[in-house]
Amino acid sequence: MSTSTHCWILSCFCMFASHTTYSFLLSQSPDLTHVSVGDTVQLRCTFENRVSYCYSAATWQKLNLRTGKLTPARSGSQTDLLQHDDKTCIVILKDLTKNDSGLYYCISQQNSMTIIGSGSRVIVTGKSGVNSHQLFYGSRSL
């Protein structure tokens with residue numbers, strides 16, 4: 001084969017590879033959110049292409065900053081996974097505690113590629129629904 005044929009094949013491959021990679025992009029939001037203990041937060045994962053089912057398209061993992069390991073972002077009744085539209089998956093974390101503070105990632109498996117979102121930092125502070133007067137004196141009236 002001639003050099004021009006090799007260049008043509010290489011440029012076609014590069015265009016195909018860049019298009020294929022681009023089609024699997026996802027974005028994650030919010031980047032940062034501050035909430036109080038007991039609150040609920042929604043984290044979004046938006047795909048470049050349409051997704052049929054969020055439960056199979058996206059998993060949500062929390063990064064343990066001490067160990068560097070990813071663990072599932074809470075299970076049971078305290079977490080819901082919703083499909084907002086044909087490109088956006090939402091995880092809802094309910095009744096948050098200070099231990100839920102951290103960095104959450106949307107992770108998707110597309111063919112043989114694993115795509116990881118940019119991360120959403122959740123900061124849980126304070127106490128919800130109870131003021132300092134009630135903490136000291138209890139719920140009795142003064």
Between K87 and E48, is there a donor-acceptor pair closer than 3.5 Å when you use the side chain of the first and the backbone of the second? yes
Minimum-distance pair of heavy atoms, taken over all atoms of L26 and S108: CD2-CB, 3.9 Å
Non-neighbouring partners of Q61 that pass side chain to side chain donor-acceptor pair (under 3.5 Å), sequence neighbours left out: none
If I compare all heavy atoms of A58 with all of F47, which pair ends up nearest, and what's the gap? CB-CZ, 4.0 Å
Decide whether L70 and Y104 are clustered together by the hydrophobic rule: side chain heavy atoms of Ile, Leu, Val, Met, Phe, Trp, Tyr closer than 4.5 Å, transitively. no
Same cluster or not: L32 versus V41, using hydrophobic residues (I, L, V, M, F, W, Y) connected whenever any side-chain heavy atoms lie under 4.5 Å apart? no
Flag the pair R121 and D31 as a salt bridge only when some basic side-chain nitrogen lies within less than 4.0 angstrom of an acidic carboxylate oxygen. no
Do L65 and V122 belong together in a cluster built from hydrophobic side chains that touch within less than 4.5 Å? no
Suppose we screen for side chain to side chain donor-acceptor pair (under 3.5 Å). Which residues come up paired with T46, at least two apart in sequence or across chains? T88
Ignoring hydrogens and angles, tell me if any N or O in the side chain of K62 forms a donor-acceptor pair with the backbone of S101 under 3.5 Å. yes
Working note: V37 + T125, criterion side-chain contact (heavy atoms from CB on, under 4.5 Å); need CA distance, chi angles, decisive distance, verdict. CA-CA 6 Å; V37 169; T125 58; over 6 Å; no
Between C106 and C89, does the SG-SG distance stay under 2.5 Å? no
So do L43 and I90 actually touch side chain to side chain, heavy atoms under 4.5 Å? no
Report yes if some heavy atom in the side chain of T97 is under 4.5 Å from a heavy atom in the side chain of V124; otherwise report no. no
Any salt bridge (Lys or Arg N to Asp or Glu O under 4.0 Å) pairs touching residues 98-120, not counting sequence neighbours? R74-D100
Please determine whether side chain to side chain donor-acceptor pair (under 3.5 Å) holds for the pair S120 and Q28, giving the CA-CA distance in whole Å, both sets of side-chain angles, and the decisive distance to 0.1 Å. CA-CA 7 Å; S120 293; Q28 195 175 324; 3.1 Å; yes
Do you know the tightest heavy-atom contact between C45 and W60? CB-CZ2, 3.5 Å
Can you name the closest pair of heavy atoms from A73 and L93 and give their distance? O-CD2, 4.0 Å
Assess whether side-chain contact (heavy atoms from CB on, under 4.5 Å) is satisfied between I115 and I107, documenting all intermediate values. CA-CA 6 Å; I115 313 299; I107 300 175; over 6 Å; no
What distance do D85 atom CG and C54 atom SG have between them, rounded to the nearest 0.5 Å? 8.5 Å
Quick check for you: to the nearest 0.5 Å, what is the distance between D39 atom CG and H34 atom NE2? 13.0 Å
Hey, could you give me the CG/OG1 distance between L96 and T33, rounded to the nearest 0.5 Å? 9.0 Å
Are I116 and L63 co-members of a hydrophobic cluster defined by side-chain heavy atoms under 4.5 Å apart? yes
